[in-house]
Amino acid sequence: MKFSESLKKNKDFKNVYNKGKSYANSLFVMYIFPNGTEQNRIGVSISKKVGNSVVRHRLKRQIIECYRMSEESFQCGYDIVVIVRKGAQGSSYSRIESALFHLGKLHKIVSARQAQADTDIDII
RNA sequence: UAAGUAAGACAGGCAAUCGCGGCUGCAGGCGCCGAAAGGCAGCAGACGAGGAAAGUCCGGGCUUCACAGGGCAGGAUGCCGGAUAACGUCCGGUGGAGGUGACUCCAAGGCCAGUGCAACAGAAAUAAACCGCCCGGGCAGAUGGAUGGGGAUGCAGCGUCCCGUUCUUUGCUGUAUCCCCAUCCAUCUGCCCGGGUAAGGGUGGAAAGGCAGUGUAAGAGACUACCGCCUUCCUGGUAACAGGGAGGGCACAUGUAAACCCCAUCCGAAGCAAGACCAAAGAGAGGCAAUGUGGCUGCCCGUCACGUCUCAGGUAGGUCGCUCGAGCACGUCGGUAACGGCGUGCCUAGACAGAUGAUUGUCCAACGACAGAACCCGGCUUAUCGUCUUACUUAACAC
């Protein structure tokens, strides 16, 4: 990814949880915290309650892919942690995409033009 | 054609675009990050999850630690033979159970080494007379018979009294019938006592080998035939075992070892976060330099910290372990088979927060189940939408 890398250390996750701001909808909880660099770092956390290994892995890939496809829409300089809730089990790609932009808009890190486009899709 | 049995294969396909992972080449030396070890970045190429990758239930390799030898404890396995690196796996057989059959299933050593347990029911549960059957004795009753005694009546004889026409007393003896009593015997019934008996009864998972006959007071392996059991011999088989002969007449006498236990065989422990190597910082030891600077403290003494080099140690971090292996495919030979030998060809994920996704088009038996490698193998178990292939069985129809 051009502007981003993944968030890896448990320490980094805890830092974002403790100091960052969070918003949530029915599919995800999103924490963000400014990391003081030129890049975004994104991490995905999925509980075992959501499903078995295949289900969790697939959701993670879809979220990363969704972020990657529209990476340029996000403002840089943040650590982002997406926690997947149980309701996301079995969601389609389009629904994950709309939910992700909904949270990005609440955090005001998605550009207005992209956010405007996403309000057309309903968030349940 | 239908129903079924066994074995096996596949696990949505294709194309385009964007994206991910390590590998190979350009590549050697450059650029960037780092103290170092080492890592990162560019372009191109091919490759990139499973039959169960799962559960982590067994077995082995590998690694570190421990280890003279022996024993105890603990654990696992348990018909026989073979395969294998090994196994609780697989193959072939034996025995048993199920199915019309193809075929399937089986913790299948030992409770005549010991100990324990066996609810309820039942007379009694590892030892037994509750009922029943039979024998003997006693008591009571009934029936029948025999003997004896007594009484009544009839008859006969003799005697006696009255009488001498009639009427008629009484005794004794014999005999017949009836009644009563006693004793004995037989049969039956009831009760009691002593003994025999495990054939029958009902309970139970299990009641003292089964079943039929002989036999007996009644019964009983008491005896006999068949079956079972035990001992022993012969034959076949490597063996489990099978077939046959002879004997014992059945004692220990039931079940349970997935109860303790006994017997035989096997097992050192922990696991890739194993472990090996490189290696900042901090703390440690020694050498060298200096006699300095700073703090306690304004001064003296004292004390603490600060330099550099080497060593051991190994933290953060990094590299290796990490995928060429009991490997796969094909052929051939040996073997019933599991499997093994030989030959040829091939290289087929290797991450370390952990790579396969999205969109579009198209095809199908049409929305595709269960499910994601984590050191590697051999198995077992569990989950699973469906599709296909082969062999065989049964039934119906046709020929």
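The chains referred to below are lettered A, B, ... by the order of the sequence lines, with proteins before strands, and numbering in each begins at 1. Small disclaimer: the values here were computed from a predicted structure and weren't measured.
Against the 90° criterion about 0, the sugar-base torsion of B/U348 places it in the syn range. With a glycosidic angle further than 90° from 0, B/G295 counts as anti. In B/U332 the O4'-C1'-N dihedral to the base is more than 90° from 0, which defines an anti nucleotide. Base orientation of B/G150: anti, the glycosidic angle falling outside 90° of 0. In textbook terms, a nucleotide whose glycosidic angle is within 90° of 0 is syn, and B/A49 is one such case.
Base pairing of B/U303: its partner is B/G295, meeting the Watson-Crick or G-U wobble criterion (both donor-acceptor distances under 3.5 Å). Remark: B/C380 base-pairs with B/G55; criterion is Watson-Crick or G-U wobble with both hydrogen-bond distances under 3.5 Å. Searching all strands for a Watson-Crick or G-U wobble partner of B/C188 with both distances below 3.5 Å returns B/G141. Under the Watson-Crick or G-U wobble criterion, with both distances below 3.5 Å, B/A2 is paired with B/U394. Figure legend. B/G343 is base-paired to B/C330; pairs are counted as Watson-Crick or G-U wobble with both atom distances under 3.5 Å. With both pairing distances under 3.5 Å, B/G284 is matched to B/C311 as a Watson-Crick or G-U wobble pair. Taking a pair to require two hydrogen-bonding distances under 3.5 Å in either a Watson-Crick or a G-U wobble arrangement, B/A152 pairs with B/U177. In this structure, B/A217 forms no base pair with any nucleotide, since neither Watson-Crick nor G-U wobble geometry is met with both distances under 3.5 Å.
You'll find the side chain of A/R85 reaches within 4.5 Å of the side chain of A/V29, heavy atoms only. Using a 4.5 Å heavy-atom cutoff, the side chains of A/V84 and A/I63 are in contact.
Distance, A/L59 CG to B/G357 P: 13 Å, rounded to whole Å.
One P atom belongs to B/A76, the other to B/A259, and the distance between them is 14 Å to the nearest Å. Separating the P atom of B/G50 from that of B/C10 is a span of 11 Å, rounded to the nearest Å. Only the P atoms considered, B/C87 is 15 Å distant from B/G340, to the nearest whole Å. Separating the C1' atom of B/A242 from that of B/A218 is a span of 46 Å, rounded to the nearest Å. Comparing B/C192 with B/G201, their P atoms are spaced 26 Å from each other, to the whole Å. Distance check on atom C1': B/C91 versus B/G236 gives 25 Å, rounded to whole Å. Rounded to a whole angstrom, the distance from the C1' atom of B/C277 to that of B/U359 is 48 Å. B/A349 and B/G372: their C1' atoms are spaced 12 Å apart (whole Å).
Between A/L59 atom CG and A/F28 atom CZ the span is 7.0 Å, to the nearest 0.5 Å. The OH atom of A/Y23 lies 10.5 Å from the NE2 atom of A/H102; values are rounded to the nearest 0.5 Å.
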